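The next block holds one structure in the form of structure tokens; read it before the comments.
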Amino acid sequence: MSGEQDDSRLVARARLGDAAAFDQLVRRHYRAAYAVALSLLGRQADAEDACQEAWLRALERLDDLRDPHSFRGWLLQIVRHGALNLIESRRLRAVEPLDDERAAGVEDPRQDLRIVRTRARLEAALARLEPAPRQVVVLFDLGGWSHREIARQLGISEVMSRQHLCQARRRLRGLLDPGEGEYRHEP
Amino acid sequence: MNRDADTGQDRPLDLSALDPMADPARFAGLGSRLSQAAAGELARRRARLDVWSCLAAWRKPVLATGGIVAVAASLVLATVPQPAGTRTSLAEAAGVPGAWVQLARGSQTPTPEALLQLGTDLP
């Protein structure tokens with residue numbers, strides 16, 4: 001049985017209020033939704049919040065979904081719009097982002113300090129990328145998407161997706177380890 | 001091979017520190033938080049589940065079964081020969097009075113008196 005067929009059954013059950021079906025949809029598509037949110041927002045905590053909002057909005061609007069087979073694409077559009085709205089509202093309010101280490105550290109004080117620091121460094125490096133390369137590298141290296149899926153999602157060509165990925169990896173490596181990447185001197 | 005392959009630049013980056021699913025406990029916490037937030041909407045949907053929504057959920061199989069029965073009935077009616085002299089028109093089968101049928105087939109516009117008369121002829 002294909003994933004899409006399963007999705008349509010799960011959607012039908014979730015529409016009737018079946019919590020187990022909703023949980024299963026979440027487990028199946030959380031990573032993709034999170035990758036889209038993180039690719040736009042760049043911070044784990046923001047992406048998780050945007051994801052939660054998007055899932056709740058999707059549940060509320062589940063009756064509007066005409067074709068349950070296309071649940072994933074429909075959900076990702078909701079995530080994308082939610083994340084873009086968050087960016088826009090922050091821009092209008094001109095909220096200063098928290099310091100990287102604090103932003104990562106306040107989420108869960110029990111977390112391993114090394115992971116918290118690595119996350120903070122990654123978030124800071126991602127924040128310095130242009131939007132398009134950031135989206136591509138997160139969707140590819142974290143979300144596990146193919147270039148075809150990324151191209152469709154972002155409305156770019158597959159060639160452009162590959163170029164953005166290459167550029168983003170080089171830049172991130174340079175930012176994370178100045179001994180590598182763009183700062184590396186070729187012999 | 002391009003320059004990036006030579007320098008190892010096209011290796012995937014390890015972004016697992018940003019992956020909530022890489023930490024099962026963290027992901028379980030996120031799932032739990034989401035389930036709690038969704039509980040109200042799911043309960044509202046269950047409460048809405050009345051007779052009509054049950055019927056709506058069954059409409060596809062019911063329509064499919066009805067269609068199959070209709071096709072089977074049509075095939076039977078088309079293949080079984082009718083006895084001579086028992087030919088029934090569609091109007092008769094539908095219970096329309098014969099006088100009405102004759103009036104409808106006629107070329108003249110019925111008068112109000114004729115229509116009133118037909119009304120009194122109803123079975």
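The sequence lines fix the lettering, A, B, ..., with proteins before strands; numbering per chain opens at 1. Since the model is a prediction, treat every value here as computed from it, not as a measurement.
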Working to the nearest 0.5 Å, report the span between [atom1] of [X] and [atom2] of [Y].
| X | Y | atom1 | atom2 | value |
| --- | --- | --- | --- | --- |
| A:Arg119 | B:Asp19 | CZ | CG | 10.0 Å |
| B:Leu13 | A:Leu142 | CG | CG | 11.0 Å |
| A:Arg57 | B:Glu41 | CZ | CD | 12.5 Å |

| task | Flag the pair A:Arg173 / B:Arg11 as yes when at least one side-chain heavy-atom distance between them is below 4.5 Å, and no otherwise. | result |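 Sidechains of B:Arg11 and A:Arg173: in contact.
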
| said: Are the side chains of B:Leu18 and A:Tyr34 in contact, using a 4.5 Å heavy-atom criterion? | reply: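 SC-SC contact between A:Tyr34 and B:Leu18 confirmed.
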
Heavy-atom distances under 4.5 Å only: say whether [X] touches chain B with side chain, backbone, both or neither.
| X | answer |
| --- | --- |
| A:Ala35 | neither |
| A:Leu38 | side chain |
| A:Leu62 | both |

| message | Can you list the residues of residues 20-27 of chain A that sit under 4.5 Å from chain B, counting heavy atoms only? | response |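 Those residues of residues 20-27 of chain A which have a heavy atom under 4.5 Å from chain B are A:Phe22, A:Asp23, A:Val26, A:Arg27.
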
| query | Is any residue of residues 146-164 of chain A within less than 4.5 Å of chain B by heavy atoms, and which ones? | reply |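 None at all.
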
| said: Tell me every residue that passes salt bridge (charged side-chain N to carboxylate O under 4.0 Å, His left out) with A:Arg13, counting only those two or more places apart in sequence or in another chain. | reply: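 Once residues adjacent in sequence are excluded, the partners of A:Arg13 under the salt bridge (charged side-chain N to carboxylate O under 4.0 Å, His left out) criterion are A:Asp18.
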
| request: Apply side-chain contact (heavy atoms from CB on, under 4.5 Å) to B:Arg48 and A:Leu16, showing your working. | output: CA-CA 8 Å; B:Arg48 209 178 56 182; A:Leu16 301 176; over 6 Å; no

| said: Shorter than 4.5 Å, heavy atoms on both sides: which option in B:Ser16, B:Ala37, B:Ala43 has the most such pairs with chain A? | reply: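 Between B:Ser16, B:Ala37, B:Ala43, the count favours B:Ala37.
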
| Does B:Pro12 offer a backbone N or O that forms a donor-acceptor pair with the side chain of A:Asp141 under 3.5 Å? |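 Side chain of A:Asp141 to backbone of B:Pro12, a donor-acceptor pair under 3.5 Å: no, none is there.
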
| request: Indicate yes or no for a side-chain donor-acceptor contact from B:Arg45 to the backbone of A:Leu59 under 3.5 Å, with no hydrogens or angles considered. | output: yes

| Part of residues 28-35 of chain B lying next to chain A, heavy-atom separation under 4.5 Å | B:Leu30, B:Arg33, B:Leu34, B:Ser35

| query | If every non-hydrogen atom of B:Ala17 is compared with every non-hydrogen atom of A:Leu122, which pair is closest and at what distance? | reply | CB-CD1, 3.9 Å

| remark: Residues A:Glu48 and B:Pro20: closest non-hydrogen pair is OE2-CB, 3.7 Å

